[in-house]
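For reference, the structure discussed in these notes is given below.
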There are 2 protein chains.
Amino acid sequence: MTYAKVELFDEKLQEAALFFKALSHPARLAILNYLANSKVCISGDISNELPLSRTTVNQHLKELKELGLIRGTIDGSKTNYCLNKSRIDEMQFVIDQFLKGLSLPEGFSCKS
Amino acid sequence: MTYAKVELFDEKLQEAALFFKALSHPARLAILNYLANSKVCISGDISNELPLSRTTVNQHLKELKELGLIRGTIDGSKTNYCLNKSRIDEMQFVIDQFLKGLSLPEGFSCKS
DNA sequence: TTTTTATGACGCAAATATACGTCACAATAT
DNA sequence: ATATTGTGACGTATATTTGCGTCATAAAAA
């Protein structure tokens, strides 16, 4: 039963939380950065760039893939991973929307 | 030893990941939204707003507090929680910086 | 004074995440 | 033909997160 309360929240918040979760580990941030700076690459290459084993890197790749942030297409025996621009844009929009909601009103004060 | 590899990554990425992690649960997003819309409030009030027990809400509050995103000041027997604007601004900056780095170059193409 | 209310501290059970190793399979390379 | 390389799938150990209950304490209300 634990971990089941997430669904009781507003769907917008759930969606935003999923994006934030995907970005909550430096390895995944590094992977996204790397893909943004390369044109196309294979996961084997990526594990060489990170201080992690190939297995672990593949796991992080899988998470990013499941959220649609990256795509892996088979090219012969290798898999080309690259950013899914439209999905990244979607994520940026959702994050921006949430952050905007945090801006405090004029004259906001706190007794601290 | 597990979970210890985070420190091997670039410090900027580590910092960004910590912010994203703080935002990775809808309950914390709901708390931040709630605090942004209220002037000042107490954690007892907040647990009434969420489908979670007081204990659990307090735990989420604690996490947000440890990252500095919110502040809890004692007001008599109650604790007033409110957003820490300067820290929120810092977070927005860090997140923006990271997201900017994901924008793909002109003429980017992927063989998929 | 007793009861209620709010809070913090502590611990617990279950679910998830992190990090690797190994195995099997296909495609290259030697 | 054999060795190497890249992959996905599977399993494992440890860490962390979620979500709650309980207990102790302090202040406010009855």
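Convention: sequence-line order gives letters A, B, ...; per-chain numbering from 1. The structure presented is a predicted model; accordingly, all values stated were derived computationally and were not measured.
Under the side-chain contact (heavy atoms from CB on, under 4.5 Å) criterion, B/Lys65 pairs with B/Ile70, B/Tyr81, not counting sequence neighbours.
Within the structure, salt bridge (Lys or Arg N to Asp or Glu O under 4.0 Å) contacts touching residues 89-100 of chain B (residues at least two apart or in different chains) are B/Lys85-B/Asp89, B/Arg87-B/Glu90.
Across all non-hydrogen atoms, the minimal contact from A/Leu50 to A/Ile31 is CD1-CG1, 3.7 Å. Summarising the geometry of B/Leu13 relative to A/Asn33, their closest heavy-atom pair is CD2-ND2, 3.6 Å, with the distance given to 0.1 Å. Taking every heavy atom of both residues into account, A/Asn84 and A/Arg71 meet most closely at ND2-NE, 3.8 Å.
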Would A/Asn80 and A/Ile42 count as a side chain to side chain contact (heavy atoms under 4.5 Å, CB included) if you check the C-alpha gap in whole Å, the side-chain angles of each, and the deciding distance to 0.1 Å?
CA-CA 5 Å; A/Asn80 283 317; A/Ile42 51 178; 3.6 Å; yes

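Protein chain B contacts DNA chain D from D/dT14 to D/dA27, reading 5' to 3' and using non-hydrogen atoms of the protein with a distance under 4.0 Å.
The distance from atom CD of B/Gln59 to atom P of C/dC12 is 14 Å, rounded to the nearest whole Å. As a whole-Å value, the separation of A/His60 NE2 from C/dT18 C1' is 6 Å.
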Pairs: protein N or O with nucleotides 8-10 of chain C N or O, under 3.5 Å:
{"unit_1": "C/dG8", "atom_1": "O6", "unit_2": "B/Arg54", "atom_2": "NH2", "d": "3.1"}

For nucleotides 15-17 of chain C, give me every protein contact, N/O to N/O, under 3.5 Å, one pair per line with atom names.
{"unit_1": "C/dA17", "atom_1": "OP1", "unit_2": "A/Lys21", "atom_2": "NZ", "d": "3.2"}

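Of the residues near DNA chain D, A/Ile42 and A/Ala4, the one whose nearest nucleotide (by heavy atom distance) lies more toward the 5' end is A/Ile42.
Looking at heavy atoms from C-beta onward, B/His60 lies out of side-chain contact with B/Ile46 at the 4.5 angstrom threshold. With contacts defined as side-chain heavy-atom distances shorter than 4.5 Å, the pair B/Leu29/A/Phe9 does not qualify. For the pair A/Thr55 and A/Asn58, the minimum side-chain heavy-atom distance is 4.5 Å or more. Between B/Phe19 and A/Leu23 there is no side-chain heavy-atom pair separated by less than 4.5 Å. Using a 4.5 Å heavy-atom threshold, the side chains of A/Glu11 and A/Glu15 count as separate.
Residues from residues 5-19 of chain A with heavy atoms under 4.0 angstrom of DNA chain D, sorted by number: A/Lys5, A/Val6.
The one candidate from A/Lys21, A/Arg28, A/His25 that meets the side-chain hydrogen bond (donor to acceptor under 3.5 Å, both in side chains) condition with A/Glu63 is A/Arg28.
A donor-acceptor pair is defined here as one N or O able to donate and one able to accept, closer than 3.5 Å; no such pair exists between the side chain of A/Gln14 and the backbone of B/Pro26.
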